[in-house]
Amino acid sequence: MATYEVTGNAVNISAGPQLFVQEAVLDFSSTNLGIDETIDVFQIPANTVVTSVGYEIITASTGAGELDLGDSASATAFLADQDGDAADGASAFGAGKSYDAADTVILKATTAAFDGKIRVVAVMAPLSLSSRDGEAFA
């Protein structure tokens, strides 16, 4: 399996006092993401709700492969069987998930290598905003 490194592409963009967005642009034009290979796109902090994860195809793949977006528990936790050779600008977003422990958003190529360019985005909110002590009921 090939090793991929993303440098300088992931950023956090403020979307309010607690909500934040992570995004990364991944260019596989010189080194393809092979069939059944995955790449760790970015980290999910512990005690976080991921409200949505998705992608935008910047440059379509020349192969007819499909892409999955997931986490360490399931490669398809957010999106499954998305067309990697869809038209430039095509996008899709999947529903969210809550994380007690830290995890990773992963991108996986299936059925054919992906040689395009893709932007992956996740919207997250931390859950550790209070002490969790609560108030006693009288």
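The residues of the chain are indexed from 1 along the displayed sequence. Since the model is a prediction, treat every value here as computed from it, not as a measurement.
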From L69 atom CG to I118 atom CD1, the distance as rounded to the nearest 0.5 Å:
6.5 Å
Measure the CG-CG distance between D100 and L127 for me, rounded to the nearest 0.5 Å.
8.0 Å
Measure the CG-CG distance between L67 and D83 for me, rounded to the nearest 0.5 Å.
8.5 Å
Indicate whether any N or O donor in one side chain lies under 3.5 Å from an N or O acceptor in the other, for D68 and T76.
no
Could you tell me if the side chain of V120 sits less than 4.5 Å from the side chain of F42, heavy atoms only?
yes
What orientation do F28 and F114 show, parallel under 30°, tilted 30 to 60°, or perpendicular over 60°?
perpendicular
Is there side-chain contact between P126 and N47, with heavy atoms separated by less than 4.5 Å?
no
Rounded to the nearest 0.5 Å, what's the gap from CZ on F93 to CZ on F78? Could you check?
12.0 Å
Side-chain polar contacts of residues 103-110 - donor-acceptor pairs under 3.5 angstrom, sequence neighbours left out - could you list them?
unit_1	atom_1	unit_2	atom_2	d
D103	OD1	S72	N	3.2
D103	OD1	S72	OG	2.8
D103	OD2	S72	OG	3.0
T104	OG1	Q43	NE2	3.3
T110	OG1	E66	O	3.2

Going by salt bridge (charged side-chain N to carboxylate O under 4.0 Å, His left out), name the residues that satisfy it together with D85, two or more places apart in sequence or in a different chain.
none
NZ on K117 to CG on D88, rounded to 0.5 Å:
10.5 Å
Looking at side-chain heavy atoms only, is the closest gap between M124 and P45 below 4.5 Å?
yes
